[in-house]
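Below is one structure; the comments refer to it alone.
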Amino acid sequence: MTPQDACRLPRTQKVYLLSANTELRDTLVGLWDHNHLEVIHFDRGRGAIEVLFNELPDLLIVDHDLPDMAGLDVVNLVKSENVYRQLPVILAIREETLLSKADWCGAEVDDLIIIPSTPARLKARIFLTITRASRAFDANPLSKLPGNTSIIQRIQEMIDRQEDFALAYADLDYFKSFNDKYGFSRGDEVLMMSARIIVNTIRGFTGVRSFVGHVGGDDFVFILPPDKVELACQRIVENFDSIVPHFYDEEDRAKGYIQSTDREGNMRTFPLMAISIAVVLNIGGRLKHYGEASQIAMTLKKKAKENPKSSYVLDQRLSS
Amino acid sequence: MSEDLKLERKDQILAVKDLPTLPKVLDEVSRLVKDPDSSTEQMAKLIAMDQVLSAKVLKMVNSPIYGFPGRISSIHHALVLLGFNVLRGVIVSTSVMDIMNQNMVGLWEHSVGCALASSTIARHVGLKDVEDVSVAGLLHDLGKVVTAIQLPDLKTGVEAMVKARDMTYLDAEKALMGFGHDRVNAWIADHWKLPPSIKEGMSYHHKPQLARLYPEAACCVHLGDFMVRVFEYGSGGDDNVLYLEPDALKKLKLKPADLETILDQLSEQFLEIADLSFV
């Protein structure tokens, strides 16, 4: 037994290998016994993508030179989705290719292996990548969207650069009563749904700098250029209102309200959930600090919340 | 038929990986995905024309990866939640085979027609989730396609039997396999975690009176299947007009006069979609 085998992986790791290189495949398959590492092999990129989207592996190894598409395209397709982001990806590349292509800025790979490589090197690299990926990073554990540290960092960065932006805080009305009545796992479903709606609506604005973060619970944040934000709010509200009824039981949905206990423990009726969005605009370097932005947002949010239906409020104080 | 053999065939059928899809729809969807001005509504309309893409999109959005299995039954909602990136992934990975067109002539038209008829009925009787019914109508014969791909020999046998004895496709399936495409639909719906409303519409379209949770959806698809056959639009694999379950009409509170109104509406809509050729 080699020393490396002394540190064991917690369970069998499923590895997808996308490569037409049979030598690489054979080496990999022989590295660990089947109980530690299960290698599932695909010759081509296209066939693998659908399997990948439906059944996530623990690690993805992609050959830079796939027969049917560029390896990096496969990686970027997978990594551009928040639900697949946590999947660690290793790119297998030849030394010659590495020398000729030096643009790594846009490549969302977690590590490289140079092929051909020795089994020992391969083994160490793979082991490290898998364990590194399991360590916590600043992402909401539920939605996998960036969490507080990244959010604050991003906002402060934009403030410091005096960049114009619209910062929106979104949260759900009557989420707590839904959670209380149906239980937290159904509450989580609603949060996942909300995250998807926000992410896809914001992504729909192509060619602009944007950002979506998950503060926690039912609080989300997104950033867009000021001229795009109102349309984004409208779309989010519209999509949220049409989808959220499907998360209620049939009879509650038909009634249009639920019965649950309020904070004082009294039985009360609550409307179906709605989304409230407060938008702070930073134009012409008005804001100096992240804290100002969040303070303005909280005041606006109270205004948005006065409306029991889904609504958004834009920061109007610019005109003054 | 022994239970073992049934189980074995169920496994074979559920091993399905690549369902065929229609190349033209695929091109058009790819074009819309690339166009930043296109809306999810436009895209949903197009995807709803193709039972394979529809099934894939619903399967994906209802998979545990997204965290709300079994909740989403509308294509439009599915697209909002999946986003264009995933849709692009679905399209890139969908291998373009026209097995359905080669092997089951007319089934695509029959399916689109049934979706149209079922949703028209659902709207007429005032059901809330018209789109669920439409999807169930579109997918109501998916079991035939899946069986044809996974068990091609059986499919040949079924077709021969339909021709030789002038049977319905369903009866021939039952005679040869021990179960029909309605049962296959139920397996697929469970396997893909489709919402119960779609599952019941798909799997009880021949016996809507047995649907427990969403009998109205099943009745609409049942009647839709009947009507599209009356119009002889496309083909469900045999030339028979189905037995119309009287309970279905009763359940939907439809009178003969209502049926006439619906048939009139449909004849106009059929003319419209007849111009749309994707093949």
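In what follows, chains are A, B, ... by sequence order, proteins preceding strands, each numbered from 1.
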Quick check: are there more than 12 heavy atoms from other residues, nucleotides or ligands sitting under 6.0 Å from NZ of B:Lys45?
no

B:Arg71 side chain reached by A:Arg186 side chain, heavy atoms, under 4.5 Å
yes

Any side-chain heavy-atom pair from A:Glu50 and B:Lys56 closer than 4.5 angstrom?
yes

Is chain B contacted by the side chain of A:Tyr84, its backbone, both, or neither, given a heavy-atom distance below 4.5 Å?
side chain

Is it the backbone or the side chain of A:Asn54 that comes under 4.5 Å from a heavy atom of chain B, or both, or neither?
both

Just to be sure I understand the criterion: a residue of residues 206-219 of chain A counts if one of its heavy atoms is under 4.5 Å from a heavy atom of chain B. Which ones qualify?
A:Thr206

Applying a heavy-atom distance below 4.5 Å, give me the residues of residues 242-252 of chain A that approach chain B, sorted by number.
A:Ser242, A:Ile243, A:His246, A:Phe247, A:Glu250

Side chain to side chain donor-acceptor pair (under 3.5 Å) pairs, two or more places apart, involving residues 184-195 of chain B:
B:Asp190-B:Lys199

Residues in residues 116-129 of chain B near chain A [non-hydrogen atoms, under 4.5 Å]
B:Lys128, B:Asp129

Could you go through the side chain to side chain contact (heavy atoms under 4.5 Å, CB included) check for A:Arg203 and B:Phe84 one step at a time?
CA-CA 9 Å; A:Arg203 286 244 182 89; B:Phe84 292 174; over 6 Å; no

Inter-residue atom distance [X].[atom1] - [Y].[atom2], 0.5 Å rounding:
X        : Y        : atom1 : atom2 : value
B:Ile65  : A:Met192 : CD1   : CE    : 9.5 Å
A:Asn200 : B:Leu79  : CG    : CG    : 9.5 Å
A:Asp188 : B:Phe68  : CG    : CZ    : 12.0 Å

Tell me whether A:Arg196 contacts the main-chain N or O of B:Val80 through its side chain, where contact means a donor paired with an acceptor under 3.5 Å.
no

